[in-house]
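Only this structure's heavy atoms are used, side chains among them; waters, hydrogens and symmetry mates stay out. Convention: sequence-line order gives letters A, B, ...; per-chain numbering from 1. Not measured: the values here are computed from a predicted model.
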There are 2 protein chains.
Amino acid sequence: MSTKPKPHPQQNHLLAALAPDVQARLFPHLELVPLPLRSLMYESGRTMRHVYFPTDAIVSLQYIMENGASTAILVVGNEGLLGISLFMGGQGTPSRSIVQSAGHAYRLPRPKVKEEFNRHGQLLLLMLRYTQALITQVAQTAVCNRHHSIDQQLCRWLLLSMDRLSHNQLTMTQEFIGNMLGVRREGVTQAALKLQQQGVISYSRGLIKVLDRDKLEALSCECYGVVKKETEILLPYLPQRQVIKDVAAIPVVTLPTL
Amino acid sequence: MSTKPKPHPQQNHLLAALAPDVQARLFPHLELVPLPLRSLMYESGRTMRHVYFPTDAIVSLQYIMENGASTAILVVGNEGLLGISLFMGGQGTPSRSIVQSAGHAYRLPRPKVKEEFNRHGQLLLLMLRYTQALITQVAQTAVCNRHHSIDQQLCRWLLLSMDRLSHNQLTMTQEFIGNMLGVRREGVTQAALKLQQQGVISYSRGLIKVLDRDKLEALSCECYGVVKKETEILLPYLPQRQVIKDVAAIPVVTLPTL
DNA sequence: CAACTTCTGTGCGATACCGCACACAAGATT
DNA sequence: AATCTTGTGTGCGGTATCGCACAGAAGTTG
């Protein structure tokens with residue numbers, strides 16, 4: 001086992017934006033959870049027991065149809081959280097959450113979330129704001145699914161993923177992207193080929209490198225920009241505070257295999 | 001002017017579900033607003049000043065693309081409310097709200113909503129639960145747009161509208177439905193023809209009558225059922241209470257022309 | 001009644017995407 | 001090296017939907 005440095009809770013923008021006293025209250029109850037590539041964090045019908053705040057992982061939320069077809073409706077990274085039903089009032093959602101880029105998340109158990117909800121403090125306000133941004137993303141996905149080509153949607157998808165990473169490499173096959181966009185793998189192949197020929201990306205066997213981000217944005221549909229702009233209005237980036245010193249004291253948890 | 005009986009606040013399920021003391025506190029601050037067919041209740045970029053609780057009107061929320069194409073992502077009737085951004089934390093949303101079936105709504109001004117939010121009472125809990133149901137509807141719309149035929153989506157649309165009416169007649173042209181579904185008018189014509197030939201609906205010049213609701217459900221995609229089921233879990237129907245006696249005392253407001 | 005507007009029906013070629021089948025290429029396993 | 005698995009490229013016919021053009025039908029207005 002190597003001793004890689006633990007990710008810090010402040011890598012998650014929502015946690016980072018909290019006032020020092022709120023951080024001091026909450027952080028002792030956080031648990032660090034490694035999120036391996038392609039692991040399932042949630043499956044329809046189950047009950048979520050934690051809210052997850054990703055630090056360096058990306059999670060996709062997808063709906064599965066009766067015939068097995070699927071579509072991703074949302075991408076969550078360190079700008080957000082997973083498990084809104086815990087404070088919105090439901091037990092779960094008819095969706096599935098899959099780790100799209102390996103990393104970690106800090107999680108807060110349900111009772112603590114409830115406690116914080118009742119306290120009616122800063123965390124609740126942030127969670128609700130994030131939820132509103134989330135709705136925008138889902139809605140724009142609906143519009144995009146209706147009106148835009150696979151080419152455009154692939155660009156949007158790559159950008160959504162890029163924004164939540166600190167580097168420019170994505171680990172996902174065209175088959176996987178097809179599942180996320182709800183289109184055929186061959187359709188993704190065609191679109192990816194065009195992008196590669198234009199020098200926007202390069203890829204091989206599940207490893208995609210983004211070479212020209214500006215061009216990618218230019219080739220994407222407006223949906224990416226609309227959501228980004230709206231999110232920035234709702235969740236303006238707040239300077240990270242440094243409060244916790246002893247990250248090492250936070251326990252590490254292993255997700256049960258699903 | 002005729003003296004039709006005013007709709008009662010309790011016709012809105014969320015208001016009806018409130019405890020008597022909450023109703024007593026809130027209802028004096030409600031205003032009745034007539035919602036004429038096709039009027040615009042909200043347009044992207046504006047600031048919403050009220051939360052609207054429809055009693056007998058239906059409102060559609062749509063996103064407009066740069067090229068003018070549009071798609072409805074949500075239908076709101078007496079089961080819900082309009083203006084979630086007022087308590088979720090934003091100023092507005094990049095969407096447009098149009099009255100799809102004439103009727104009325106009671107509205108609560110922003111300061112009162114805020115007050116109620118801070119009180120952290122039953123109304124907030126209900127609004128959040130409704131918001132979660134709303135997310136499910138938007139997400140399912142995204143999936144539906146990706147995977148289902150115009151035929152199926154027309155059925156879903158008719159059912160969504162039917163559920164929010166007390167009768168079986170819809171006043172909307174095929175052109176209008178096309179705008180809502182984000183498809184061509186001709187596509188709607190084809191789908192509607194099939195339904196009429198099967199005796200499921202009959203229609204003429206903007207007036208649609210649903211003749212066989214069961215068949216409509218059978219012909220619809222699963223999306224309708226998924227959302228309905230999820231909504232029923234989140235917002236089980238609560239018996240209506242009768243508290244307010246003097247409905248006539250509630251002021252009637254006219255929406256500014258947009 | 002005539003003229004006009006609105007709504008609905010229909011035809012036709014173009015296009016995007018699908019489903020399927022298969023070939024090939026890059027790693028992984030033995 | 002031989003084999004196997006996984007990921008990617010390609011071709012082909014089928015289908016849903018589009019964009020456009022136009023015709024007819026049902027109300028509306030003058």
Trainee: With side chains defined as the heavy atoms from C-beta onward, is the minimum distance between B/Y203 and B/L193 less than 4.5 Å?
Mentor: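 Contact flag for B/Y203/B/L193 side chains = yes.
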Trainee: Within residues 62-75 of chain B, find the residues that approach DNA chain D with a heavy atom at under 4.0 Å, and present them sorted by residue number.
Mentor: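 Hits under 4.0 Å, by residue number: none.
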Trainee: Do A/H8 and A/T55 have side chains that approach each other closer than 4.5 Å (heavy atoms only, starting at C-beta)?
Mentor: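 No, too far: nothing below the 4.5 Å cut-off.
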Trainee: In whole angstroms, how far is the P atom of C/dG19 from the CD atom of A/Q190?
Mentor: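 One finds 15 Å between P of C/dG19 and CD of A/Q190, rounded.
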Trainee: Is the shortest heavy-atom distance from the side chain of B/D212 to the side chain of B/Q198 under 4.5 Å?
Mentor: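 No, side chains not in contact.
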Trainee: Is the closest side-chain donor-acceptor distance between B/R156 and B/Y224 under 3.5 Å?
Mentor: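 No donor-acceptor contact under 3.5 Å links the two side chains.
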Trainee: If you walk 5' to 3' along DNA chain D, what is the first nucleotide with an atom under 4.0 Å of a heavy atom in chain B, and what is the last?
Mentor: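 Endpoints of the contacted stretch of DNA chain D: D/dT17 to D/dG27.
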Trainee: Taking side-chain hydrogen bond (donor to acceptor under 3.5 Å, both in side chains) as the definition, give me every residue that meets it alongside B/Q137, ordered by chain and number, with sequence neighbours left out.
Mentor: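 side-chain hydrogen bond (donor to acceptor under 3.5 Å, both in side chains) check on B/Q137 returns nothing, list empty.
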Trainee: Not counting sequence neighbours, list each pair that qualifies as a salt bridge (Lys or Arg N to Asp or Glu O under 4.0 Å) and has a residue in residues 132-144 of chain B.
Mentor: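 Qualifying pairs: none.
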Trainee: Could you pull out every donor-acceptor pair under 3.5 Å between side chains of residues 171-182 of chain B and any protein atom, sequence neighbours left out?
Mentor:
{"residue": "B/T173", "atom": "OG1", "partner": "B/F176", "partner atom": "N", "Å": "3.1"}
{"residue": "B/Q174", "atom": "OE1", "partner": "B/T189", "partner atom": "OG1", "Å": "2.6"}

Trainee: Could you go through nucleotides 22-30 of chain C and list every protein N or O atom that sits under 3.5 Å from one of its N or O atoms, giving the distance for each pair?
Mentor:
{"residue": "C/dA26", "atom": "N3", "partner": "A/R205", "partner atom": "NH2", "Å": "3.4"}

Trainee: Under a plain distance cut-off of 3.5 Å, with no hydrogens placed, do B/Q153 and A/R146 share a side-chain donor-acceptor pair?
Mentor: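 Yes - a donor-acceptor pair under 3.5 Å links their side chains.
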Trainee: Hey, does B/Q152 have a side-chain heavy atom less than 4.5 Å from the side chain of B/S220?
Mentor: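 Contact flag for B/S220/B/Q152 side chains = no.
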Trainee: Of all residues at least two apart in sequence or in a different chain, which pass the side-chain contact (heavy atoms from CB on, under 4.5 Å) check with A/A191?
Mentor: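 Counting only residues at least two positions away or on another chain, A/A191 forms a side-chain contact (heavy atoms from CB on, under 4.5 Å) with A/I150, A/D151, A/L154.
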Trainee: For A/G182 and for B/L193, locate the closest nucleotide of DNA chain C by heavy-atom distance; then report the residue assigned to the nucleotide nearer the 5' terminus.
Mentor: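 Checking each residue's closest nucleotide, the 5'-ward one belongs to B/L193.
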Trainee: Do B/L216 and B/V210 make a side-chain contact, defined as non-hydrogen atoms from C-beta onward lying under 4.5 Å apart?
Mentor: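 Side chain of B/L216 against side chain of B/V210, heavy atoms only: contact under 4.5 Å found.
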Trainee: I want to check something: taking the side chain as every heavy atom from C-beta on, are A/I73 and A/Q62 in contact at a cut-off of under 4.5 Å?
Mentor: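 A side-chain contact under 4.5 Å is absent here.
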Trainee: For B/R38, does the CZ atom sit with more than 12 other heavy atoms under 6.0 Å from it, leaving out its own atoms?
Mentor: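 Yes, the 6.0 Å shell around CZ holds more than 12 heavy atoms from other groups.
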Trainee: Heavy atom of residues 168-181 of chain B under 4.0 Å from DNA chain C: which residues?
Mentor: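 When residues 168-181 of chain B is checked for heavy atoms under 4.0 Å from DNA chain C, the hits, listed by number, are B/T173, B/Q174.
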Trainee: Write out all pairs satisfying side-chain hydrogen bond (donor to acceptor under 3.5 Å, both in side chains) with one or both partners inside residues 63-80 of chain B, taking only residues at least two apart or from two chains.
Mentor: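 Non-adjacent pairs meeting side-chain hydrogen bond (donor to acceptor under 3.5 Å, both in side chains): A/H147-B/T71, B/E79-B/R164.
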Trainee: State whether the side chain of B/N168 and the backbone N or O of B/K209 hold a donor-acceptor pair below 3.5 Å, judged by distance alone.
Mentor: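 Checking the backbone N and O of B/K209 against the side chain of B/N168, no donor-acceptor pair under 3.5 Å is found.
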Trainee: Through what angle, rounded to 10 degrees, does the axis of the helix from C/dC1-D/dG30 to C/dT30-D/dA1 turn between its ends, using five pairs per end?
Mentor: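 The helix from C/dC1-D/dG30 to C/dT30-D/dA1 shows an end-to-end axis angle of 30°.
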Trainee: Is there a residue in residues 137-161 of chain A whose heavy atoms reach under 4.0 Å of DNA chain C, and which residues are they?
Mentor: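 Result for residues 137-161 of chain A: A/S149, A/I150, sorted by number.
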Trainee: Would you call A/L32 and A/R107 a side-chain contact if the rule is heavy atoms closer than 4.5 Å?
Mentor: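 Side-chain contact under 4.5 Å: no.
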Trainee: Which donor-acceptor pairs under 3.5 Å do side chains of residues 98-105 of chain B form with protein atoms, sequence neighbours excluded?
Mentor:
{"residue": "B/Q100", "atom": "OE1", "partner": "B/S60", "partner atom": "OG", "Å": "2.6"}
{"residue": "B/Q100", "atom": "NE2", "partner": "B/S161", "partner atom": "OG", "Å": "2.9"}
{"residue": "B/H104", "atom": "ND1", "partner": "B/D56", "partner atom": "OD1", "Å": "3.3"}
{"residue": "B/H104", "atom": "ND1", "partner": "B/D56", "partner atom": "OD2", "Å": "3.3"}

Trainee: Over all strands shown, is B/G206 touching base, sugar-phosphate only, or nothing at heavy-atom distances under 4.0 angstrom?
Mentor: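 Answer is sugar-phosphate: B/G206 comes under 4.0 Å of backbone atoms only.
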Trainee: So do B/T136 and B/T231 actually touch side chain to side chain, heavy atoms under 4.5 Å?
Mentor: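 Answer no - side chains too far apart.
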Trainee: Without decimals, in angstroms, what is the distance between B/R184 CZ and C/dG11 C1'?
Mentor: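 The distance from CZ of B/R184 to C1' of C/dG11 comes to 11 Å, rounded to the nearest Å.
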